[in-house]
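To keep things clear, I will list the structure first and then write my remarks on it.
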Amino acid sequence: MRYISTRGQVPAVSFSTAVAQGLAPDGGLYLPEELPDLRPFLGDWSKLAYADLCQAFFGIFATDLDAAELQRVVTRSYTKFDHADIAPIVKLDADRYVLELFHGPTLAFKDFALQLLGNLYESQIARTGDRISVLGATSGDTGAAAIHGLLGKAGVTTFILYPDGRISPLQERQMTCTGAANVFPLAIKGSFDDAQTAMKTVFEDRAFADEVGLSAVNSINLARILAQCVYYLSAYFRLPADARDDITFVVPTGNFGNVLAGWLVQRMGVPIKGFRVATNQNDILHRLFQTGTYALDAVAPSVAPSMDIQVASNFERFIYYAEGRDAAKVREIIQTFKATGQYSFENFDHEGFSSSRTDDLQIAEIIKNVYQKYGYTVDPHTACGFSQGSGGKEIVLATAHPAKFPDTIQAAIGQDSTHPSLEVLKTREVVKYSVEPTPEAIKAFMGARV
Ligand SMILES: *Cc1c(COP(=O)(O)O)cnc(C)c1O
């Protein structure tokens, strides 16, 4: 299997190259040259344990890894989850299920992809001998999951930028209390956007990028999307037969990465009925699905901070298919959006998708209502999935454990939400570094440590 760029201006590459590069050199995102048809495999796969299913799925995509190596990578990636099912399903009532994606080491769904990505990097470094420097910017969960996926990996040095004082204290502890020598959490004076802008500029310096072996771990990395496909498959197999073919997956969304993974699984022939894109008050995707216009707006910080995003980077992958795999059209759309802050689709084909928007007041209401009705606590991101749906059967992806957001939970239901792995962190030493949010300062810091 080879991988092409959504912008069509670079040759197809191998799986390992696509993973190592993250972003394609033409600025596009990698996708498989052809999406495989999974239908012939579904019978054999339906009874597999999670890691075995993941291995079978990646066997189709990671064709330049040998089977034994792939097995080692995958097996290692799901050992730090605290539930035997890895991605268990909870039934709330006849029409409502929850897919719990928060049983990994940092209690958010991003662990599914970043545990695997860390092991893929390690395997690659063992083969090539080339060291990797990972640079990322985070508003909370990505940084923590990346750090826990990469800590202690031989040959990897990790730098994560985050806005000082603007992420939750527990999220900061998840990044800064690891004790790992190859991890550098960098607190910057400024916003998440400042961190992200500085990071992008560092990536544009190709000479520096080559010198330190720079790689990206944000959700544009294809390995992350593929790793997330697996829990849709797993959920499909584990749902009761009478629900399976008649259920909508509801996905709390920011960058469109998570829901894209499910949609790709559907395109590969798995008979998933449809998806609801559940946004918070930062609703660029909800507005798009309602009006056909993708229009930038200012980010308004919410109680579901990991969805405080107004440019959904993975949406480019969806556009590629929606526009009939026309890379020139993708370039035109991205250019227009960059220049004017919006793009209106003429015939926006979004069959199978619906959308919803939930503001902070509604999130608090929902956390309370779900708790009263089912005795089940949802985190503020997951709560967005419980807003008014279509009325049919739904399975809501629970993207984070409520204990990561204790203040919001306490305010909504008057209860403490705790988790042992977070309690342990409260006794550990915080190690963080302070840098200016400029590309020069970041490069100097990195250069001195790789
Ligand atoms: C990252 C994140 C999201 C958004 O996921 P996308 O792939 O960006 O759509 C939702 N909830 C939580 C808890 C997250 O960490």
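First listed ligand is number 1; within each ligand, the first listed atom is number 1. The residues of the chain are indexed from 1 along the displayed sequence.
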For [X], is at least one N or O under 3.5 Å away from an N or O on ligand 1?
X: Gln228; value: no
X: Thr399; value: yes
X: Thr253; value: no

One thing to verify: whether [Y] and [X] come together as a salt bridge, which I'm taking to mean a side-chain N less than 4.0 angstrom from a carboxylate O.
X: Glu34; Y: Arg2; result: no
X: Asp26; Y: Arg7; result: no
X: Arg238; Y: Asp85; result: yes
X: Asp164; Y: Lys432; result: yes

Please could you name the atoms of ligand 1 that [X] approaches to less than 4.0 Å, counting only its heavy atoms?
X: Gly254; result: 4 (C), 6 (P), 8 (O), 9 (O)
X: Asn255; result: 6 (P), 8 (O), 9 (O)
X: Ala400; result: 13 (C)
X: Lys110; result: 1 (C), 2 (C), 3 (C), 14 (C), 15 (O)
X: Asp141; result: 12 (C), 13 (C), 14 (C), 15 (O)

Quiz item: Under 4.0 angstrom from ligand 1, any heavy atom of Phe109?
Solution: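 The answer is yes, since Phe109 has a heavy atom less than 4.0 Å from ligand 1.
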
Practice problem: Check the side chains of Glu172 and Tyr162 for a donor-acceptor pair under 3.5 angstrom, ignoring hydrogens and angles. | Solution: yes

Exercise. Check Pro32 against Ile4 and note the closest heavy-atom contact, atom names and distance.
Key: O-CG1, 4.2 Å

Self-check item: Side chain Asp379, main chain His381, donor-acceptor under 3.5 Å
Solution: yes

Quiz item: Does ligand 1 have a heavy atom under 4.0 Å from the side chain of Phe256, from its backbone, from both, or from neither?
Solution: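 The answer is the backbone of Phe256.
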
